[in-house]
Structure formats: structure tokens, C-alpha cells
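Working notes, beginning with the structure itself.
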Amino acid sequence: MNRRQLAVLLFILFFLLCSFRLMAGPPSFSTGDLFNGHMWQLLSGTQKISHLTGIHEGIILCLNQIKQDLKIPSDLMNKMQDAGIFDRRRLLFSSQGVTAIETRMNHFYEDSANLEIPIIDAYQHITLALNFATPEDLESNLSSLRRKYRD
């Protein structure tokens with residue numbers, strides 16, 4: 001093979017590699033119109049705390065609205081809580097606060113298999129862990145999330 005043929009072959013190979021890379025495109029920062037792990041990794045620490053605080057406040061707003069709409073008397077609500085109707089593991093808050101959730105979210109998105117999972121779903125998974133879900137429940141939930149958001 002002479003130099004000219006080698007140069008043409010290398011040019012074609014280079015062109016093909018560039019084409020494949022362009023077709024793949026950059027990672028998407030959202031999954032189903034929700035920010036995902038790619039976006040989380042771009043946020044600063046302050047932005048992450050602000051995002052998590054917004055999730056917290058949104059949940060509180062929804063719960064308050066539901067409570068008003070249902071008009072559940074406080075004594076009935078207390079009896080329901082005392083009876084264990086509410087599963088602590090499913091709460092979307094943690095007594096450890098948003099900084100603990102941020103730390104775990106950072107760790108969660110270090111695994112490339114989790115990057116397509118939306119932040120809100122990762123948040124839900126992390127609060128399960130912080131609210132004493134069993135290892136089996138956590139593994140099942142994570143497997144379900146990965147299947148749901150697989151490319």
C-alpha cells in the first residue's frame with residue numbers, strides 16, 4: 001500500500017469516526033421532560049440545594065392542598081398515624097435534611113447506569129434509603145428505575 005492509499009484510508013477512517021460521534025450527539029439533560037443525572041452533575045452545590053429545597057416545598061404545597069381538599073379532621077389524622085397507616089419508609093422527607101439527600105444524590109449519579117433517571121425519581125429513591133427501607137426494597141426500586149429509564 002503506497003502513501004496515497006494509506007492517506008485516503010486514514011481520511012475515510014477519521015471521517016467515519018467523526019460521523020459516528022456526531023450521530024450519537026451529546027447526552028440529554030432531561031428524561032421525559034424532567035432533569036436527569038446529566039443535569040445534576042452540571043449543577044453547583046448551591047444550585048443542588050436550591051433544587052432539592054424546591055422539591056421539598058413542592059411536596060409540602062401538594063400535601064397541604066390535599067389535606068385542605070379532603071378536610072381530614074386532625075384527630076382522625078393523628079389516629080391514622082398512630083395506627084401505622086403511613087409507612088415511614090415511603091415518606092419523601094428525611095430528618096437528615098437536604099444536605100444528606102444531596103450527598104446521596106451525588107453518590108447515586110456517580111454510577112453511569114443511573115444518569116438517565118430523573119432527579120425527582122432519584123430523590124424518591126434516596127429518601128427511601130434515608131427512611132430505613134430494606135436493602136431488598138432499595139435494590140428492587142433501583143432495578144425498576146433503571147428498567148423504566150433505559151435508553
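Since this is a predicted model, take the numbers as computed values, not measurements.
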I55 side chain reached by H51 side chain, heavy atoms, under 4.5 Å: yes
Aromatic ring proximity H56/Y123, centre distance under 6.0 Å: yes
Plane angle bin for W40 and Y109 - parallel if under 30°, tilted between 30 and 60°, otherwise perpendicular: tilted
Y149 and D121 side chains, donor-acceptor separation under 3.5 Å: yes
Smallest separation among heavy atoms of K48 and N106, with atom names: NZ-OD1, 2.8 Å
S44 side chain near Q47 side chain, heavy-atom distance below 4.5 Å: yes
Close side-chain approach of L115 and Q41, heavy atoms under 4.5 Å: yes
Interatomic distance, R146 atom CZ to I117 atom CD1 [nearest 0.5 angstrom]: 6.5 Å
Worked check of side-chain hydrogen bond (donor to acceptor under 3.5 Å, both in side chains) between S144 and N141: CA-CA 5 Å; S144 175; N141 187 62; 5.6 Å; no
Flag side-chain contact, heavy atom, 4.5 Å: L128 against D137: no
Contact summary for A129 and R104, nearest pair of heavy atoms: CB-NH1, 3.5 Å
Any donor-acceptor pair under 3.5 Å from N36 side chain to I119 backbone: no
T31 (side chain) donor-acceptor with L34 (main chain) under 3.5 angstrom: no
Distance-only side-chain donor-acceptor flag, H38 / E116, under 3.5 Å: yes
Nearest-0.5 Å distance that lies between atom CG in L145 and atom OG in S140: 9.5 Å
Single-linkage hydrophobic cluster L61~L52, side-chain heavy atoms < 4.5 angstrom: no
Pair S30-D33, side-chain donor/acceptor within less than 3.5 Å: no
Approximate separation, where rounding is to 0.5 Å, of C62 SG and E57 CD: 12.0 Å
